[in-house]
Amino acid sequence: MMGHIEHHPNDETILGYAAGSLPAAMALVVGCHLQYCSACRERVAQADAVGGSLMSQLQEKPLSDGRRESMMALLDANPDGEENPALARENTPASESRSELPRLLRNLVDQDDFDSLPWKSIVPGMKQVDLKCGEGDAKLLRIAAGKQMPVHSHRGHELTLILRGGYRDSLGKFNAGDFADLDGSVEHQPIADADQDCICLAGMDAPLEFRGWIAKLVQPFIKI
Amino acid sequence: MAKEATQQERTGAFWADCMERVAGERDKKSFMLLFDHFSPRVNAYLLGQGVEASLAEDLTQDALLALWNKAHLYKREKAAVSTWLFRVARNLWIDRLRKQRGIAYESDENLTETYEPEPSINADGDRLLRVIEQLPNNQAQVVYKSYYEGKSHSEIALETGMPLGSVKSSLRLAIRAFRQHFGDNE
Ligand SMILES: [Zn+2]
């Protein structure tokens, strides 16, 4: 389903993900990209290694008296550790591989196909599903085949992962698996491919800002 | 059986050996060497992330217990012990204090199943440490604030008075130095 991936998160975004410092909405988009992109899994592994080395270098803060003894008691209580790793593997149901949704997104919405989601029309040719993530703003966007989104820039930092179909904008062609990492200065106007709807997962730390009076007029209603 | 290594000899390879003895022989002595070395550092990490003192100690114990319980999942060619422990500690911190962010990270079990071995990762954290020590001050500061205070780029800008663009470019330069370490520059 995912072909060759051309566009990836920026280095700062990868580092933020590894450090745990990205807001939930944005971290979710990165986490979903990782399922499809081994190159970025490796980049995150490298950023984790930086975290590990930095942790080793911190000024030591020893635990209180008694903690060492209670740790030893924990070892005695769990002599064999966790059971056979083969058992742990079973908690990934086989059906999951048939899901159209990335694993992390599927965990969140508990659906296996895009069409079963509660899409809401926001303007003709554009639908969205708000995702409850508690920190930042995450949503699924569905742009009808051949349609163009209004010109918009981003007050904050917006991450987008293409899940189905594709679009083109001033930054290039984006296909399923590709990742758009846009900060506040970028203004763009994606046009969906003509052959099918484009479905994207977007996470941002501030709402979109539309340009032009028509867009300003509709903005309060479309609430992207 | 473990020859008592002196402090200087305790490199990444030494800790990986300890992990293998924990996995293979359930060797408590090797485990306690890991505990004595890493627990004050994991604790320091958690305190830096704003975890209250007694909870930080509980979570540190949980992280080390995960090392003991999941030692069979550890693969030395994939990650240094410090890297593994960092991931565990970060996930514990997220579970407790940044619960919303939990939606963005796969469970450890899924990781071992779905992530292919990636052999180009140099699991030796010791050389990496030298790269970090050589970073210019402003780069070291933004890296530190990202990892140890969980600060977003805009929070770091606000706090240090650096423009947001400089925060990002400092991070980018630091990452370039790390990448050279990982040999990605070919
Ligand atoms: Zn990627």
Side-chain angles (χ1 to χ4, degrees), chain A residues 10-12 14-24 27-28 30-31 34-35 38 41-42 45-64 67-68 70-72 74-75 78-82 85 88-89 91-92 103-104 107-108 133-135 156-157 205, chain B residues 26 28 31-32 35 39-45 47-48 57 60-61 64-65 68-73 79-80 82-83 85-87 90 93-94 98 100-101 103-106 109-110 112-113 115-116 118 120-121 125 128-129 132 143-144 146-148 150-153 168 171-172 175 178 182:
Chain A
N10 294 336
D11 284 337
E12 313 89 272
I14 292 284
L15 188 143
Y17 180 82
S21 63
L22 287 184
L28 174 67
V30 177
L34 294 180
Q35 181 180 334
S38 61
R41 288 201 293 273
E42 167 129 4
Q46 292 173 351
D48 286 344
V50 172
S53 288
L54 278 161
M55 189 171 77
S56 304
Q57 209 189 15
L58 291 177
Q59 173 80 53
E60 297 177 41
K61 294 279 197 310
L63 304 189
S64 323
R67 289 282 184 172
R68 194 172 195 277
S70 65
M71 189 77 233
M72 297 213 276
L74 283 171
L75 303 189
N78 303 273
D80 301 321
E82 228 162 57
R89 298 224 171 104
N91 59 24
T92 311
R103 273 189 301 278
L104 293 170
N107 294 344
L108 193 65
C133 68
E135 191 188 27
H157 187 173
D205 55 4
Chain B
R26 309 305 296 159
K28 288 182 191 165
F31 179 80
M32 291 314 287
F35 177 84
S39 68
R41 293 170 164 88
V42 173
N43 194 35
Y45 164 70
L47 291 169
E57 295 198 5
T60 300
Q61 270 189 329
L64 272 295
L65 186 62
W68 171 255
N69 282 336
K70 298 183 181 204
H72 56 267
L73 297 175
S82 60
T83 305
L85 209 43
F86 169 74
R87 262 179 221 147
R90 179 201 61 205
W93 166 69
I94 286 176
R98 294 286 185 281
Q100 321 90 316
R101 294 181 195 169
I103 60 169
Y105 298 83
E106 305 247 13
E109 282 79 9
N110 267 343
T112 54
E113 188 199 6
Y115 283 23
E116 308 283 303
E118 280 136 11
S120 72
I121 293 170
L128 189 52
L129 207 57
I132 292 168
V143 167
Y144 185 89
S146 296
Y147 279 101
Y148 291 108
K151 297 271 163 65
S152 69
H153 304 148
K168 291 188 179 185
L171 277 174
R172 232 168 286 144
I175 294 161
F178 295 136
F182 285 111

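Chain letters run A, B, ... following the sequence lines, proteins first, then strands; residues in each count from 1.
When heavy atoms are compared at a cutoff of 4.5 Å, Leu64(B) approaches chain A by way of both its backbone and its side chain. For Lys168(B), the parts lying under 4.5 angstrom from a heavy atom of chain A are both the backbone and the side chain. Looking at Leu171(B), the atoms closer than 4.5 Å to chain A (heavy atoms on both sides) all sit in the side chain, from C-beta outward. Of the two parts of Leu22(A), only the backbone, made up of N, CA, C and O, holds a non-hydrogen atom closer than 4.5 Å to a non-hydrogen atom of chain B. In this structure, chain A has heavy atoms under 4.5 Å from both the backbone and the side chain of Ile103(B). Proximity to chain A involves both the backbone and the side chain of Tyr105(B), based on heavy atoms less than 4.5 angstrom apart. When heavy atoms are compared at a cutoff of 4.5 Å, Ser39(B) approaches chain A by way of both its backbone and its side chain.
Rounding to the nearest 0.5 angstrom, the gap separating the OH atom in Tyr45(B) from the OG atom in Ser56(A) is 13.0 Å. Of the inter-residue distances, the one linking Gln46(A) atom CD with Phe178(B) atom CZ reads 11.0 Å to the nearest 0.5 angstrom. Atom CG of residue Leu15(A) and atom CZ of residue Arg172(B) lie 12.0 Å apart, to the nearest 0.5 angstrom. In this structure, the separation between CD on Glu60(A) and CG on Asn43(B) is 10.5 Å, given to the nearest 0.5 Å. Summarising the geometry, atom CD belonging to Glu106(B) is positioned 7.5 Å from atom CG belonging to Asn107(A); distances are rounded to the nearest 0.5 Å.
Here Gly51(A) is the residue among Gly51(A), Gly16(A), Ala27(A) with the most heavy-atom pairs under 4.5 Å with chain B.
The closest side-chain heavy-atom distance from Arg101(B) to Leu28(A) is not below 4.5 Å. At a threshold of 4.5 Å between non-hydrogen side-chain atoms, the residues Gln61(B) and Ser70(A) count as touching. Here the side chains of Tyr144(B) and Leu58(A) are in contact, with some heavy-atom distance below 4.5 Å. Inter-residue side-chain proximity for Phe35(B) and Leu63(A) is flagged as met; some heavy-atom pair is nearer than 4.5 Å.
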> Which is it for Leu65(B) and Met71(A) under the side chain to side chain contact (heavy atoms under 4.5 Å, CB included) test, yes or no, and what are the steps along the way?
Replying inline: CA-CA 8 Å; Leu65(B) 186 62; Met71(A) 189 77 233; 3.9 Å; yes
>> Between Leu85(B) and Met55(A), is the side chain to side chain contact (heavy atoms under 4.5 Å, CB included) condition met? List the steps.
In response: CA-CA 9 Å; Leu85(B) 209 43; Met55(A) 189 171 77; 4.1 Å; yes
>> Run the side chain to side chain contact (heavy atoms under 4.5 Å, CB included) test on Arg67(A) and Thr60(B) for me, step by step, so that the C-alpha distance in whole Å, both residues' side-chain angles and the decisive distance to 0.1 Å come before the verdict.
In response: CA-CA 10 Å; Arg67(A) 289 282 184 172; Thr60(B) 300; over 6 Å; no
>> Please evaluate residues Cys133(A) and Gln100(B) with respect to the criterion side chain to side chain contact (heavy atoms under 4.5 Å, CB included), reporting the C-alpha separation (whole Å), side-chain torsions for both, the decisive distance (0.1 Å), and the verdict.
In response: CA-CA 6 Å; Cys133(A) 68; Gln100(B) 321 90 316; 6.0 Å; no
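Put simply, the side chain of Arg41(B) never gets that close to the backbone of Gln59(A): no donor and acceptor are under 3.5 Å apart. With hydrogens and angles ignored, the 3.5 Å screen pairs a side-chain donor or acceptor of Trp68(B) with a backbone N or O of Asn78(A). At least one donor-acceptor pair closer than 3.5 Å links the side chain of Glu57(B) to the backbone N or O of Ser64(A).
Applying the ring pair (Phe, Tyr, Trp, His ring centres under 6.0 Å) rule to Tyr147(B) yields the partners Phe86(B); only residues at least two apart in sequence or on another chain are considered. Contacts of Arg90(B) classified as side-chain hydrogen bond (donor to acceptor under 3.5 Å, both in side chains), with partners at least two apart in sequence or in another chain: Asp48(A).
What you find for Ile94(B) and Gly20(A) is that their closest heavy atoms are CD1-CA, 4.3 Å.
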